[in-house]
Each structure stands twice: as C-alpha cells, then as structure tokens.
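Below you'll find the structure, written out as structure tokens, and then a few comments.
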Amino acid sequence: MQSTTTAPAVDDGGSMHMPEQKQNRDFHHPYNPYDIQLEFMNTLYETIERGGIGIFESPTGTGKSLSLLCGSLTWLREHKAKEFDAGVREGAEVDDNEPAWVREHALEERRKRLLRDREDLEEQLRRVREKEEREKKEYMRGDGGGGKRTKKQRVDVAIEKGDEDEDENKFMLDDYESDKEGDNSRRPQPSTAFGIEGLSSATKDILRKLGHQFEGEKAVVDLDLPDELKIFYCSRTHSQLTQFVNELRRVHFPPTVPLGDDQIEEEVKHLSLGSRKNLCINPKVQKLGGVTAINERCLELQQSGTSQEHKCQFLPGKDGQVAVRDFRDHTLARIRDIEELAELGKKIGVCPYYAARPTIKPSEIVTLPYPLLLQKSAREALGISLKGHIVIIDEAHNLIDAISNIHSITVTLAQLQKSQKQLEIYLAKFRNKLKGKNKVYVMQLLKLLSSLAGYLEGKKGEGVIAMGDLLATKGIDQVNIFKLQQYISESKLARKVEGYIDHEERKKAKLAVAGGTEMAAKTTPTLTHIQGFLSALTNPSAEGKVFHGTTDDRQPCVKYMLLDPAHYFRSVVDDARAVILAGGTMEPVNDFRTHLFPYVSPARITTLSCGHVIPRENLLAWSAATGPSGRELKFTFDKRNNNAMIDDLGRAIVNLCLVIPHGVVCFFPSYAYLELVVSRWQQTDTASTTTTTIWERLGQRKTLFTESKSSSSVEDILHEYGHAIDAGKGGLLFSVVGGKMSEGINFNDSLGRGVIMVGLPFPNSQSAEWRAKLEHVEKVASQNYSPADKSLDSPAARNEFAKAAGREFYENACMRAVNQSIGRAIRHQQDYAVIVLMDQRYSLPRITSKLPKWIRDSVVDGEKKPFTDLMRSAGMFFRSRDK
C-alpha cells in the first residue's frame, strides 16, 4: 500500500489529530475490515476533516464502496454530533452572571427542544416504515395492499387519450426587447437537457413552492426540514449507483445524538436523483424514449399556453403539498434506488423528478450520475448547492475525459439541414406575425444554419476550424453569436419551433391513421441540440476548439471540444468542503494534479494507493518482450503490420493457451488492428510445418470469440463465452481497449484466468483533436513553469519542458486505458490470474511506473528473458493452484 498524505490532518482549529485516535475509531463496518480498508477509511476521514482533496485507488475486490460509505458516514455523524452540541451552547439564552445551576438548566432545556425535533422526525419516519411493511405483507398475502390510490393515479387513461387540436398561437414568439442585449456581464452556461432557462413562469412558481431557490431570489416556501450537512456520491451510471445503494443497505450507524426512546432508530437518510428520463412517470412522455425529447415534451406540457387537459397531471400544483410531503417522508424512511423512487412517485401519484427537490435538504447522502453533478446548470436546475458539503466521485479514473465530453458537443450536417428545414417551415407559417428583433434574429439563425451546412458540405477530412472561417460566408461574419444564443435561450425559440413541428406531425399522423397509413415515430429535437453548440461557441477560445470531421457512421460534422476541464470542475472544488476521487485504477495519478487541480495547493491533496487483498502468489504479471521465435514484440505504428511479428504473437497466444486454463481475454489497441491480425492468422502460417493456420490452432485450444465494433449484444457474447468455459472447452475472447468489454465487466474466476494485453493503445497523435490536446497541454506547461527553476531559463529548455509535459499526458492517456482493461481480472480475495503485457515497451520504467501499484510491484521484467521462461512460470503458477 502506498499512502501519500501531503499535509497533517487538522481539525477546524488547526490542532493535530493524534495517531492513537486513528486506531480506536469505530467505522461501523458490517464485516471485520482488512487492514487496507482501515487505512482507507482513516485516510478518508482525515481528508474530509481537514477539508482536503483525496485521490484514492482501491482495486476491485478490496471493498472500496463499503470503505467509502463507512469512512464518510462515520465522519458525517460524528461531525453532526459536534454541531448539535455547539448548537445547544450557542442557542441557549444564558447569562454568564447567572448561577451555574441556572445555566445548566437553560442548556438542558435547549438540548431537550432540539432533541424533540429530531425525535419527532425519526418517529414520523418510523411510522412510514411500519406502514410500508404492513402494505408489503398484505400484498404478499394477496390482500391487494399497496395503499389507497390517489386521484392522480386514476388519470393514466386520460393521459393516453389522443391529442385534440391545439391552438397554434401558443407557438408564436413573444415580443422580444433587446434593451439588455449589451449586458454581457453574465457569461452563459452551455445549454443542457437539465437547464432552467427554458422553464415557464408557471413551472418556476411551482418549483418555488417546492422550496427551489432561483439565483437572486428567496425561496417562498420551505417544507420545514433543515438543510443537513450531506455527502453527494456520484458515479458514471445508474447501474453503478444501484450497486452502491445496495451496499448502503448493509451499514447501520448509531444516532447522531442519543434519542430518548430506545425504539427510535436514526436510519441513514438517502435520496437517489436522476434525469427526467429516469424519473418521468407520465406514460405519454416516457414513451418518447430520448432524453432530449422527454425534456422538451415535459417543459412543453408546462407552458402557459398549453390547455389544462394537456398539462402533465403528475406535476405537483398548489394543492400538491400533501403529496410532496408524503413523497419526501417515504423517500427518507427507506433507502431506495432510482427505479424504486420512480415507483414511489407512481404509487403516490406525484412526479418524482420535481417532488424529489424538497428531499435534498434533509438527506444525509444523495446519489446521482455524473451529468447531474458535473454541470453547474444541472445542479441549479435541481436546486443543488454543494457549499460546505462533501463530494465523492467514484469510478473517477475517466473523470477528466467525462468532464470534457459533457461540455463538448457534436452537430452533424444532417442535423443542421433538418433544423434549417424546420425553421423554414416555422417561418413560412409565422413570418407575417413576427416583428422587430424576433424577425431579425430568426433570419440570422436561418442564415447561420445555412452557412454552417454549406461549410461542412465543402469540407473533407478533419481539422481545426477558426471561428472566422466558420462564419465568413453569406454575411454571417456580422452575426453576434453571443447575442443570438442569448436570444434563442430567452425567447425559447427552439421549443417554439420544435413544438410547432411536432404539432404539425401529430395532425398529419391523425390524417394518416384515418387513411390507413403508418407514420414514423417522432424524432429527437435538433434545434435545441444546435442551441447547445452555439452556446459552446461563446466560450473563451483558450478553453476549447472547434473541429470539422466525420462521425463514426461517416456523417460530416462540426464539433466543439473542451480542452480545459479544470475550469468547469473548479466550481465543485471551490464550493465543497472536501472532494474525494476514488476508483479501482486511478494511475497515473499525476494527471489529476496537473490537469484537474492545477490551482490547488499540493498541501491540500492526499493520495492513497491500496494494495490488493489477494496474496502475492495469486498474481503472475509478466512483460513479454519477445515471442516464441525470439523475435522482438514491439507494436509501434511503424512496425505493428509486420507479418512475422504478427505470426509470432499468434504462436505466443497458442502456447499460453496450453498452460492457462478456462478463460483468456486478449485486448488489442483498436478494432482495426484486431481485424488485421485475425485476417493474417486465418492465412497459412508459412513458418509452420503444418498447413493448419494460427487461427485454427487457437480454435483447437479454446473456443474463439471476437468483439466487433458493430457487436449488438455484449451480453450474448459473454453468455456464450461463459458457457464454453463451463462446458470444459475453455474460451479465448478477443476484445479491444476502450471497447465494450474493457470497462465495467468482471472477468472473475474462470472467466479471466489469463489477461493478455497486445501493444500499447496510444491514441492517434496525428488526429486533429489530439494535436489540439497536446498543443494545449504544452502551451499550459510553458506558461506555468516555476520561475525559481533556473534550468528553465532559456526558451529552448522551456520548450523541451513543454514537450515533455505533452509526452507525459499522451502516455498517461494510453496507460489509463491499459489499466482499466487489465483490471478486469482478479475481482476478489480468492481470485488468481496471469497478466501478460505483450510489448517490449512495458519494460521501460516510465511505462511500468504508470501501472496500478498492485500489478507494478509484481510484474516480471521479461526484456532479457526468453519466452520459455514465461511459459515455465505460468505452468508452475497454475499447477500450484491445483494443489
């Protein structure tokens, strides 16, 4: 285990925590924790206590989730206990001149009042739990339990009815005053599916009633419960969050303060947050499927011009306080994942997406996916404030890329053309009714769409686009993109246009159904998507770049790519008390310091790298520099197509499959290279004395499976792979680094007795995007060097320093992908496997140093060892397992 704590753990007063306190701390772990788990929880506790930033690496199988839970919740409950005692002292009206017994009595009365509030809440939640248990038992007995249905639950059929003709006037643009156009003091946030800029005044009124506070306003109604100090736990997907919620159900903590009634427990108060796609319970909206379509339809149903019969029946209105409180209490009473939260909304008859807002404040731990935490506009839409709270981001190995991807956006030529056509249809209908600035801006947008589409039609290949080139045709260079984007947002133009197009399509659908013709389903809104792209164009040029190129399915496109993720993540770091990044493989850690926290003092950052829980003898890691014939294995760009080396690689894998039992997973740098290698292996092996191809010999050893870029069902391939292993034939699965099987899938036990990594998956440094990334990294490095470093006095030295920073960033991107892939094996304490790194470059110290510590400490440098040594060691490794 490696633990680097760059500053002593101090409390708010700056006093040192003594080492013996660490040893006596009870984390209420449900099992007897390993030493590495205790170290993890103690380091986490101390990092939160001193308000630091933590980067924690803990391999899968070491109990990372429980360590995160127990360490953070122990700190939370203990800190809240201290705050409670401080609140008793500060709130008691005590005169220091009074006798001691008077002061003690006043403190005791104050304490009783505060305790009574907590006891009342816990008693209320206990009754809710008991009610749910009764309903569950009644349901299991077949008594039709589940509680009485509310009025709103009986509107499902009404919602499913066909639409009546709607008033087209609601799609008209309101008069737009441009007096405020010159006010550029507020930089717009990129448009997102979760933004608040498109909400109607009626919707904002409802959110205010639910306790939502918009910027510059005071919340009108608070649903009684205080804003508790809490943990925001974030992961990439809802499936990962559900796994975490299941772990949360295992832990039990004593009350923050002892409650008077021994029967009253203080359960952990948890809330799952998600998007409308996850939480919408309106069947008519939910069936739209796409995130953007669901968001747009939800907001459209709340527009003031929408008739009452077409408004969403589940949105809590003026009379919805009881339902919202009921939803809040049921949510706090029992730990629920996102699907269970949606089911609760259906049962109560209230929209869980909106009704969850008042539950944020009293929660102790809130789970949410990346986009809801990492986008400031999403946090504002949900009413989330991180001020003073703890943020834990799990599966954070790709956090830098995730931030960049969330704030990057791609628009295809087809989308531009579709939006242009939709806007032309809208303009044809309402041209004579548009006045003043509305007509000016709509015409500007139409010209802009035409210009962008024309630009892409004339482009081939890929490259960086200068803003002047992008907007130079058809008079578009005179368009103020900032003002145009601001107009689109404030006028709700995208929603008006897409609403009108949808209205027309529904009318056509009715006529078509009447005539026996089947209409295509509604497509995802595109003008809203393009609005997000225009918003990104208003970002400072130093933060990102615009490119032209093609998508994976060969469509011409224009893309804005964020280059500086630190800027967008800083609002999280500045607000939160502590920020914790955790993952199974966080190496190379230096990238986080350099590219995510460049403004943070090193003294505030703590890193911890845990070893694995497996014994050292359960892992054999080997860097293979040569194949069976002694030929060097070095899969660089200029050598990787060498047929002799490809053949030797195949023979090496054939030999390894002789000694590695059960399942072997072999990772390649790319789909294209995997296809090239397989094609070569399927040809006759000229170096062999038989006519059997390498591919056929591999098939004789194990059943072969190949991941393709177009693989529609990963589950089917994995099922067949597992079946072949269970049947005793064994399986050899060829996969791709960064592909569908390199992350999030466990090849534990017999599914992954061997993992082979072919080459190093360096990204294409000659692509326009990677050239821009490396130029950005080098530019930042050349600007941020330390003047105190005299070795960088000359321009040449600084240039070399910048180039070295670019190389480091490039290698780190490669090794992060490698670490994720080889980390698929060995998933628990009794697991064991062989990991073979097939490339001479894995013997280089600068490459080896970027491997996870638990692998790095065990890897055998095979640069000067023949391939037969690897075979001998692998054979002995598995024979020792059979004893």
Side-chain angles (χ1 to χ4, degrees), residues 120-136 145-156 159 203 205-213 219-228 230 238 241 245 248 267-283 285-286 298 301-302 311-368 372 381-384:
D120 289 346
L121 173 60
E122 298 304 329
E123 175 61 23
Q124 182 177 338
L125 299 181
R126 183 179 67 83
R127 289 196 298 268
V128 170
R129 285 192 291 271
E130 290 178 349
K131 177 185 176 184
E132 289 191 356
E133 282 299 315
R134 288 196 305 271
E135 291 174 352
K136 182 179 179 181
K148 67 177 183 179
R149 292 183 175 272
T150 66
K151 177 181 178 182
K152 291 194 176 187
Q153 285 177 283
R154 294 194 291 269
V155 301
D156 285 2
I159 294 176
T203 302
D205 287 341
I206 291 170
L207 289 177
R208 291 186 188 100
K209 290 181 173 65
L210 295 181
H212 180 84
Q213 184 173 347
V220 177
V221 176
D222 189 350
L223 292 183
D224 303 330
L225 298 183
D227 188 5
E228 296 280 355
K230 61 181 61 64
H238 279 293
L241 292 170
V245 169
L248 181 57
E267 299 284 348
V268 175
K269 299 174 185 63
H270 163 258
L271 171 65
S272 294
L273 286 179
S275 66
R276 289 182 179 89
K277 180 174 174 59
N278 301 114
L279 292 175
C280 176
I281 60 173
N282 185 327
V285 177
Q286 183 66 27
C298 173
L301 292 177
Q302 300 169 42
K311 287 184 180 293
C312 181
Q313 305 294 322
F314 297 102
L315 190 70
K318 294 179 180 179
D319 59 346
Q321 293 290 302
V322 174
V324 172
R325 287 177 186 272
D326 196 20
F327 181 89
R328 179 200 66 189
D329 291 348
H330 279 270
T331 301
L332 294 177
R334 188 168 69 83
I335 294 171
R336 304 172 195 268
D337 61 27
I338 195 71
E339 293 180 357
E340 292 169 327
L341 199 69
E343 287 299 318
L344 177 64
K346 291 179 183 177
K347 177 181 175 182
I348 295 176
V350 67
C351 172
Y353 177 77
Y354 285 110
R357 302 297 176 273
T359 314
I360 295 174
K361 281 188 175 182
S363 297
E364 291 180 290
I365 182 164
V366 176
T367 53
L368 68 172
L372 300 190
L382 292 168
I384 291 175

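Positions are given from 1 along the sequence.
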Next item on the list: Please lay out, stage by stage, how Leu382 and Tyr353 fare under the test side chain to side chain contact (heavy atoms under 4.5 Å, CB included).
Entry: CA-CA 9 Å; Leu382 292 168; Tyr353 177 77; 4.3 Å; yes
For a quick test of reading the model, state the closest non-hydrogen atom pair linking [X] to [Y] and the distance between them.
| X | Y | value |
| --- | --- | --- |
| Val245 | Ser272 | CG2-OG, 4.3 Å |
| Ile348 | Phe327 | CD1-CA, 3.5 Å |
| Ala342 | Pro352 | CA-CG, 4.1 Å |
| Arg276 | Gln286 | O-OE1, 4.1 Å |
| Ala355 | Val324 | O-CG1, 4.2 Å |
| Ala356 | Leu273 | CB-CD2, 4.0 Å |

Enter the distance from [X]:[atom1] to [Y]:[atom2] here, rounded to the nearest 0.5 Å.
| X | Y | atom1 | atom2 | result |
| --- | --- | --- | --- | --- |
| Leu372 | Ile384 | CG | CD1 | 6.5 Å |
| Leu241 | Asp337 | CG | CG | 9.5 Å |
| Leu279 | Ile338 | CG | CD1 | 4.0 Å |
| Leu368 | His238 | CG | NE2 | 8.5 Å |
| Cys312 | Tyr354 | SG | OH | 9.0 Å |
| Arg328 | Leu271 | CZ | CG | 12.5 Å |

Hey, does the side chain of [X] reach the backbone of [Y] with a donor-acceptor pair shorter than 3.5 angstrom?
| X | Y | result |
| --- | --- | --- |
| Lys230 | Pro362 | no |
| Glu364 | Lys269 | yes |
| Arg336 | Glu343 | no |

Note to self: Could you work out, with salt bridge (charged side-chain N to carboxylate O under 4.0 Å, His left out) as the rule, every residue matching Glu339, not counting sequence neighbours?
What the structure shows: none
Next item on the list: Apply the test side chain to side chain contact (heavy atoms under 4.5 Å, CB included) to residues Leu301 and Asn282: give CA-CA distance (whole Å), side-chain angles for both, the deciding distance (0.1 Å), then the verdict.
Entry: CA-CA 11 Å; Leu301 292 177; Asn282 185 327; 4.1 Å; yes
